Amino acid sequence: MIDIKILRNDSKKVADTLTNRKAEVDLKTILKFDEERKEIIFKLDQLKQLRNENSGKIGKGKVDSDEKQQLIAETRRLGDEIKGGDAKIRELEEEIYNRMATIPNLLHESTPVGESEDDNPEDRRWGEPRVFDFDIKHHADLAEQLDIMDVPRGVKIAHSRFTLVKGAAAQLERALMNFMLDIHTEKHGFQEIIPPYLLNSQCLTGTGQLPKFEEDLFKTTEGLYLLPTAEVPLTNIYREEILKEELLPIYLTAHTPCFRSEAGSYGKDTKGYIRQHQFNKVELVKLVHPDNSYDELESLTKNATDILELLELPYRVISLCSADIGFSAAKCYDIEVWVPSEDRYREISSCSNCTDFQARRANIRFKPKEGGKSRFVHTLNGSALAVGRTVVAILENNQMSDGSIKIPKVLIPYMRGLTKIEMRT
RNA sequence: GGAGGGAUGGGAGAGUGGUUGAAUCCGGCGGUCUUGAAAACCGUUAUACGUAAGUAUCGGGGGUUCGAAUCCCCCUCCCUCUUCCA
């Protein structure tokens, strides 16, 4: 949610943002409703003042009986009018809120303007894609050969886009989660959390998935939603709270499964482990002081790339342009890992500064040390990393000519000494 | 799942229809005193909208009333007992 004051005072700024984002929201109607609301409130406040004065007079019995009855009758009419006005205000405020909730976050000046994902500029690269002297295989083929993933049975148990992960791949995935969490908690200063995986709608509204993107979520019959990313529960931990400034910055990390309906992605990445309804992810979330949230975004991104460097996986960082950046983000870096079978880099992490956009929705504030009004914190989130896609990257980048997979050095202790995944004999 | 009890300001806790936006205590902040501190004492200490007058807010929503923290209805959450359970 952006500050409605920005819309009132500088609607062009909001309109420009919408244009750059290729989004459309009827701002004029919001402003019209806002004006209308203000007028009614002004009128109503006067009526309420009168009502309060009358009630005071009636209560104190300073007026005689006849006059009192007349006053009561008069005030009753006043009450009816107030009731109608209050209802109208509620209606307008709901309408304004619902419309405001569809406006995406304003963009940071450093977010490039672009027409599509093809306009995302590359920021930097690390590592050299390996040159193979044999015919490389797709990770799905490698996994099938090694008997470490079973797609048909995953589908049998659940649905398409569910995969059964077995044996060494399951162990690898578990090793990755532990490795990532250990680095973030021990080296990067994050606190580890195990959040609920089912969330109420207020959480999803707080971080911006609702009301606009409900079709992307799995919903239970109880009205709870399966988390699409740990960003949601982690960011919402301090919802409706006023924090002491001394508490900032707050660094949180969690490994969770993530559930996404992937509506509208039919036919995309149907082969392999890239796009699943359920996938593991280690998430980083920061709640920070507004003055240094962009520095925090840089360090957050580095926290994620550190993992790739330790795993010796080549990657590049791109800045998402205005047409591709997420709804809640003002600035976002995608980290893409090298995927040999596709001969290109693929997204493995997305690191965003959501500024005060989520904080305003979720009402997360802090009391400044120097006193004065409480302010909204800035929230940031980033994957570090998507575990399933990291498995994909390791399978493909570390494949050997005999179809075995070399385990990255740092993971060997986590694999209880296993150095490569081979065919079981 | 069944029965009962509860939700008030940063915290504890009073308040069952009329200057109650809300007693009191603790905490916080400022001051007096002191070399400094403690103690004591004095003052102050919610938020939103509004230029202001003012209006709204006692878990959330609705209702009764001239007037609701106080009465009624619905919802959410918490506690106790009971039941079930990894």
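So you know, we letter chains A, B, ... as the sequences are listed, proteins then strands, and number each from 1. As a basis for the values below, the full set of heavy atoms in this structure was taken, side chains included, without hydrogen atoms, waters or symmetry mates. The shown structure was predicted, so the numbers you read here are calculated from the model rather than taken from an experiment.
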According to the Watson-Crick and G-U wobble definitions, with both distances under 3.5 Å, which nucleotide is paired to [N]?
{"N": "B/rC49", "value": "B/rG54"}
{"N": "B/rU34", "value": "none"}
{"N": "B/rC29", "value": "B/rG43"}
{"N": "B/rC77", "value": "B/rG6"}
{"N": "B/rU20", "value": "none"}

Cationic N near anionic O, under 4.0 Å, A/Lys22 to A/Glu115
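Salt bridge between A/Lys22 and A/Glu115, a charged N being under 4.0 Å from a carboxylate O: yes.
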
Nearest to the side chain of [X], heavy atoms from C-beta on, is which of [options]?
{"X": "A/Lys373", "options": "B/rC49, B/rC66, B/rU64", "value": "B/rC49"}
{"X": "A/Asp45", "options": "B/rG62, B/rG54, B/rC66", "value": "B/rG54"}
{"X": "A/Phe42", "options": "B/rA52, B/rA56, B/rC66", "value": "B/rA52"}
{"X": "A/Lys48", "options": "B/rA56, B/rU64, B/rC49", "value": "B/rA56"}
{"X": "A/Ile58", "options": "B/rC66, B/rG62, B/rA53", "value": "B/rC66"}

Could you state the CG-P distance from A/Asp80 to B/rG67, rounded to the nearest angstrom?
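Rounding to the nearest Å, CG of A/Asp80 and P of B/rG67 are 9 Å apart.
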
Roughly, in whole Å, what's the span from CG in A/Leu44 to P in B/rG50?
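Rounding to the nearest Å, CG of A/Leu44 and P of B/rG50 are 16 Å apart.
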
